Amino acid sequence: MTNGGHPTMRMRTFLTSAAVATALLAGSTAPAMAAPAPATAAPAPATAAPAPVMAVPATASGAGVFITNGDRVHISSTPPRTASAHAWWTHVSGPGTKAKVTIWLQMKSGRTWHSVAKNAKNLKSGNGGSARRVVARKKCANSSRHQWRTMIDVDLIGVADSPEKAYTKPVTVKCGV
């Protein structure tokens, strides 16, 4: 799903078990977890704008609402030649002012995604500026074309939240490892 160059997003809403039961009894439903990225997708240029992904998961805790954000994998402008991506989170409502944001760079080999780099950082909520995001990088061994994506997890510090992760849309990047 493309949305005019906005960062990849996933909104996480947390409800109590009673609220979930009430919603289900009333005939309302909400997805229980974020849908994983498809195993295959049409390649996009390495410079393509990020595409949003949204899910509204429910859990047994009252962690509030926040958005998990990340850009697509791209070749870093900083030498050496590396596959690079960034992740951050945006607070919407509820408790939690800091979160541990973890990002995995994943490269596809055959039909399988392999994590080739990982980084984590405790961050305050932000809009993706360099001070409030975490970066993952992997040095390219060659310029062969491969599918890349990121997996992002946001864990609010001191607040129980759900375990699902967001995935960015796969893109083809000229970077083999």
Side-chain angles (χ1 to χ4, degrees), residues 1-2 6-12 31-55 57 59 63 66-90 98-126 128-157 159-177:
M1 168 178 5
T2 303
H6 291 285
T8 296
M9 298 187 227
R10 180 178 46 119
M11 180 138 340
R12 295 166 84 172
M33 60 190 305
T40 58
T47 57
V53 178
M54 278 194 171
T59 70
F66 61 90
I67 302 169
T68 299
N69 296 297
D71 60 2
R72 292 187 189 172
V73 178
H74 55 277
I75 298 298
S76 177
S77 60
T78 308
R81 183 177 171 80
T82 58
S84 177
H86 307 90
W88 62 97
W89 74 289
T90 304
K98 272 189 122 176
K100 179 180 179 184
V101 180
T102 306
I103 182 171
W104 291 263
L105 277 181
Q106 296 185 324
M107 189 179 81
K108 193 172 187 182
S109 177
R111 294 178 179 238
T112 306
W113 289 99
H114 300 277
S115 293
V116 297
K118 173 185 173 184
N119 198 9
K121 189 174 181 182
N122 290 346
L123 301 170
K124 289 184 178 180
S125 173
S130 61
R132 294 195 176 175
R133 67 183 183 191
V134 59
V135 63
R137 294 173 54 127
K138 181 66 177 174
K139 188 174 178 183
C140 302
N142 56 55
S143 293
S144 60
R145 297 171 63 90
H146 290 278
Q147 288 274 294
W148 289 81
R149 72 178 184 187
T150 60
M151 179 172 64
I152 305 164
D153 185 31
V154 173
D155 289 319
L156 295 178
I157 296 171
V159 181
D161 62 62
S162 61
E164 79 277 355
K165 296 167 180 57
Y167 295 84
T168 56
K169 183 176 179 181
V171 293
T172 300
V173 178
K174 291 183 177 179
C175 178
V177 295

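All values reported here derive from a predicted model rather than from experimental measurement.
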Heavy atoms only: give me the nearest [X]-[Y] pair and the separation to one decimal.
X	Y	value
H86	D71	N-OD1, 2.7 Å
W88	G126	CD1-O, 3.6 Å
S77	P79	O-CD, 3.7 Å
D153	E164	OD1-O, 3.6 Å
A83	C140	N-SG, 3.8 Å
V177	K138	CG1-CG, 3.5 Å

V173 vs I75, side-chain contact (heavy atoms from CB on, under 4.5 Å): CA-CA, chis, key distance, verdict | CA-CA 7 Å; V173 178; I75 298 298; 3.4 Å; yes

So do V73 and T150 actually touch side chain to side chain, heavy atoms under 4.5 Å?
-> yes

With [X], which residues qualify under side-chain hydrogen bond (donor to acceptor under 3.5 Å, both in side chains), at least two apart?
X	result
T82	R137
R81	none
T90	N69
S144	N142, H146

Check: [Y] main-chain N/O paired with [X] side-chain donor or acceptor under 3.5 Å:
X	Y	value
W89	L123	yes
T68	V154	no
W148	A85	no

Distance col, row M151:CE vs I103:CD1, nearest 0.5 angstrom, shows 10.0 Å

Inter- and intrachain pairs under side chain to side chain donor-acceptor pair (under 3.5 Å), touching residues 115-125, at least two apart | Q106-S115

Can you sort out the partners of S109 under side chain to side chain contact (heavy atoms under 4.5 Å, CB included), two or more places apart, ordered by chain and number?
-> H114

